[in-house]
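First the structure, in the form of structure tokens, and then the observations on it.
Numbered from 1 within each chain, the chains take letters A, B, ... in sequence-line order.
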Amino acid sequence: MTPDPAPAAAPAAADATDPLLVVDGLSVSFATEEGIVQAVGDVSFTVGRGEIVAIVGESGSGKSVTAMTLMGLTRSPNARFGGTAQLGGHELVGASADELRRVRGAEIAMVFQDPMTSLDPVYRIGDQIVEQILAHEKIPKAAALDRAVALMERVGIPHARERLRSYPHEFSGGMRQRVMIAMALSCSPQLLIADEPTTALDVTVQAQILEQLRTLRDETGAGVILVTHDLGVVADIADRILVMYGGRIVEQGTLDELFYDPQHPYTWGLLGSIPRLDGPLGVRLPAIPGTPPSLLNTPAGCHFRPRCPEAFDRCGEMPPLVARSPGSPGHCDRCWLEPATKRAQRETDGRIGLRTEGTVIA
Amino acid sequence: MGRFVVNRLASVVAVLFAISVLTFLIFQAIPNGDPALRLAGRLATPQQVQDVREQWGFDKPIYEQYGKTMKLILTGKVTSYTQQLNVLDEVRADAPATISLVTGAAVIWLGFGIVFGLLSAISAGRWLDRFLTVLALVGVSTPVFLLGAVMLYYLGYKWHLFPLGGYVKLTDDPWGWFTHLIMPWTALSVLFIGVYSRVLRSTVLDTLGEDYVRAARAKGLTERRVLVKHVLRNSMIPIISLFGLDFAAAIGGGAILTESVFNLHGIGQYAAESISRLDVPPILVITMLGAFAVVILSAVVDVVYALLDPRIRL
Amino acid sequence: MTTDGAAQGAPVPDHPATAPAAGEPVLEVRDLEVHFPLRSGALFGRSRGVVHAVDGVSFTLADRETLGIVGESGCGKSTLIRTLARLTDATGGEIRFRGEDITHAGRRRLGPVRRELQMVFQDPQASLNPRKRVGQILATPLRLRGVGRDAVAGETRELLARVGMNPEHVNRFPHEFSGGQRQRIGIARALALQPQVLMLDEPVSALDVSIQAQVINLLDDLQQEFGLAYVFVAHDLSVVRHVSDRIAVMYLGKLMEVSPASELYSRPIHPYTDALLSAIPIPDPRRNRARTRTVATGEPPNPIDPPKGCRFHTRCPLATDECATTAPPLRDFGGGHLAACHHPMNLSAAAAAPSSPSAASR
């Protein structure tokens, strides 16, 4: 609601010749009994056609709220929104309920985290896919059913024609997620939002679903926003990453920029805290001390400051999200440290991580 | 499905047996319950009482008396002690009033319960919800006899809008049947509307938080379609089970107060009279009828469940 | 910590998965079997089959060792650990704690053993009584251990401090803490009885990445300090590999492979382990791209009616007729690395020759 004076992530937006989605200064707050929860603040980014942009963060980072807000799914009497989000010619944040309804499911579609609970248990799979097609297009039901079969075959569901008549509980978790993807694709959306699409699935199935998403992106040229906490998934499939913390984007850049030249101490901490399958054994994980901030009455300044071993005086003021290295204009971060200091501070035991000493009281 | 039918039939038999034994024993244990004294009349000599006792078999062991009574019930020959009329004929004569009352009221309470519950849930926290909440509380806490009396006094006696009680057969005069029943229907359904709207409100609120409702919105469906097709249908399951039991209980004599207030001679009133006379056979028959209705309707409820939710198999 | 031994030679069906540890094993499990009958209906129920949750699992756990157990949903890992903690009854086989058979030990005999085998659950929210203060939650096991009335308060504070919490918080309720802090309380409660073994059932799965690393480090410290042995169950192979000395890979109730942590990633022997490793993306884009990955098709079959022969043969790229008929025994391939496979992969020449007749016969 009160956008920071800091310039928005303009460089990335300007670079892309024809961005599909332009989010500018998005903020979302909820009035609760305890006070105002500033869930998302000053979030600006773009998604290009055929681009997979990952939003990474922990619970409470605002990553899901950002995605849900683009779909208008966070609208409620106690929610306040600020900023804009333009998809094609449509404004999403300020859209009326009816405009939004026509965009949802048609121009922008969503795949949710838990396929076990995201399909209505009492309707047949086919009817649920057809329902979405008929909500947006005036075609005969038979034609919609044919399209449903084609979609199911496309996402790798065998015997699609027979399975139209199945109920969700007759499908495995992986198959249900395929149904969700088929449904999301049913009106050829320009933008697909996948909110933790593989978190509830087994790893072997996760690999299949990620492969599926990549193929579909290549075939349809749709832009994809992937919301996840799993940096492995990000490394596997994303083109660009936004790291969110405490409702703000703290760093954004390409895959290589974020993984090999991370600028924000929170990104270092995140990269350091995950045990890797190919990592060294018998070493301590450089964990981030403390706990994520409450979004209720957040103090001024950098939200990561209370957990940051590098914090200094200037961190009492919120740093802007700007590019700091001349060579990579799309690589922006919200940290006051000098790039040289960052490079020196982010190594622990020869790998990237947050330097911390001693036991930290949680 | 076959197994389901067999299961349900077995439970009908088991429940009817248990409930009849219990009822029979209760009236044996009630002080001053000796039917021979009542049958013989107020001025009877001890000898006359003894004669009646032997004639009716009240001196036999309890299980024999029970067996005899049950045999009479099942063959349709049982008569009441006091009036010596065939109980089943009486019940048959009283049934239309009760069935008309309860069925009509059920339609009203289910309809209003659903509408109020849904409205309340989607306006949760706002004035409409608060208003409906207060209304439901008033409905639940207003006794039928008070509401009935007030309606009779104002709508019937003072303003002559509706007839003052009594029952007109549907086959004789459909309009008369309808006008005579409007007040009793309302009186009986008010309590249930209150209860049902509250139950539905909370299940709808739960369902609104389900992932598949969010997913349905994400598909671009209209809010109306989301509410009716996805939210309401999934919220109906607890309502259906409540409805089955309430409907059965009302048929089996539970509408006793409404029948009395509006002078509808139905099964409830027959039960009330029989209890005041400690007349065991009608009480036994009505109790068993109620139990039978409950078991059968709970089977119907299960079938409806299976239709509503494909995950449930019979 | 990794136990390294000279076990080798032909199949060891009698005593598989033995860690040739310095000292007697804390826990010995032999041919453990947990089958659940599936019934429908309350009164006239009929049996609908048997869930083979755990089917002939054998291993040992040495002092101060961490044995990790991984697998996909339905593999029986949670049932296994619950059975070890005697929260579920075994239907076959035996569990020995320090040589004593506790498989069917009754309440009285189990009492002292339970004290030594403590469990930490996945969801700290659900496993802490919401109506009790932290002090009360910890005081119960302390009193059970025989700590005097006056000493309880002091010990409670000490325990809290030991798991990295503020000892001043003894009077708070579980809901006043974050997920990570609640898991610390769960660990403190288990420690209160001074056990020898902690059974950890997905202890960090519900936690955010940064908090997960803190808890992993805490578990590591506690193990060093108190000489604990851990059985660590999780679905996240990267986490399990990081914390474990040895890792048991389960699939549909059976052990597929038991590997020293150091060899798991570099030398998987069972094709299932290989598929599992392949499916997990590494949070390092360049290395991730450089990997050759074989994604397993399909999803794990139903444990009610598991496949005959090797349970993985329906999804295995190397499966032959033999795999469909004969279940391979768990055999030692050298260095305490065991696998149950007719077509083992990645065998070093030395290990392959003597101990793998099926590989030789191919």
Side-chain angles (χ1 to χ4, degrees), chain A residues 56-61 156 172-175 200-208 210-211 229-238 254-256 258-260 266 269-292 307 353-354 359-362, chain C residues 1-2 71-74 161 163-166 177-181 184 208-218 220-221 235-244 261-262 264-266 272 275-289 291 293 295-300 315:
Chain A
V56 179
E58 299 179 88
S59 46
S61 64
S172 66
M175 283 297 155
L201 304 174
D202 279 325
V203 283
T204 52
V205 183
Q206 163 174 300
Q208 297 163 13
L210 290 179
E211 190 57 50
H229 70 280
D230 188 333
L231 287 171
V233 170
V234 172
D236 203 16
I237 185 171
T254 63
L255 213 49
D256 281 12
L258 260 289
F259 276 95
Y260 304 117
Y266 176 65
L270 212 51
L271 287 169
S273 345
I274 29 170
R276 280 169 56 160
L277 211 47
D278 60 343
L281 286 168
V283 294
R284 266 180 96 74
L285 294 169
I288 306 174
T291 49
R307 298 174 78 185
L354 208 57
T359 315
V360 182
I361 303 288
Chain C
M1 284 203 305
T2 308
E72 297 178 274
S73 50
V163 296
M165 305 240 325
N166 188 340
F177 295 96
S178 67
Q181 290 170 321
R184 287 172 194 263
D208 271 322
V209 186
S210 68
I211 308 301
Q212 185 174 308
Q214 295 172 2
V215 173
I216 289 173
N217 287 341
L218 172 67
D220 199 21
D221 295 343
H235 69 278
D236 186 333
L237 193 45
S238 314
V239 168
V240 170
R241 177 179 171 275
H242 181 87
V243 300
S244 306
S262 54
L264 183 82
Y265 180 70
S266 56
Y272 176 61
L276 214 51
L277 290 166
S278 276
I280 302 168
I282 292 176
D284 184 333
R286 285 173 201 156
R287 273 217 224 179
N288 202 48
R289 267 176 242 139
R291 286 205 297 168
R293 296 165 66 184
V295 172
T297 53
E299 291 180 48
R315 300 171 73 195

Quiz prompt | A:Q206, part contacting chain C, at a heavy-atom distance under 4.5 Å | solution = side chain
Quiz item: With respect to chain C, which residue among A:G174, A:G60, A:P286, A:G156 yields the maximal number of heavy-atom pairs within a distance under 4.5 Å?
Solution: A:G174
Exercise. Let me know if C:D284 has heavy atoms under 4.5 Å from chain A in its side chain, its backbone, both or neither.
Key: both
Self-check item: Region of C:I216 that comes under 4.5 Å of a non-hydrogen atom in chain A
Solution: side chain
Practice problem: Measure distances from A:V203 to the heavy atoms of chain C and classify the residue's part below 4.5 Å as side chain, backbone, both or neither. | Solution: both
Quiz item: Contact part of A:L255 toward chain C, heavy-atom cut-off under 4.5 Å: side chain, backbone, both or neither?
Solution: both
Practice problem: Give the intermediate values and the outcome of side-chain contact (heavy atoms from CB on, under 4.5 Å) for residues C:R293 and C:N288. | Solution: CA-CA 9 Å; C:R293 296 165 66 184; C:N288 202 48; 3.8 Å; yes
Quiz prompt | C:R287 versus chain A, the contacting section by heavy-atom distance below 4.5 Å | solution = both
Quiz prompt | Contact winner vs chain C - A:D278, A:I288, A:L271, heavy-atom pairs under 4.5 Å | solution = A:D278
Exercise. Sort A:Y260 into side chain, backbone, both or neither according to what part of it lies under 4.5 angstrom from a heavy atom of chain C.
Key: side chain
Quiz item: Is it the side chain or the backbone of C:S73 that comes within 4.5 Å of chain A heavy atoms, both, or neither?
Solution: both
Self-check item: Contact class of C:L277 relative to chain A, heavy atoms under 4.5 angstrom
Solution: both
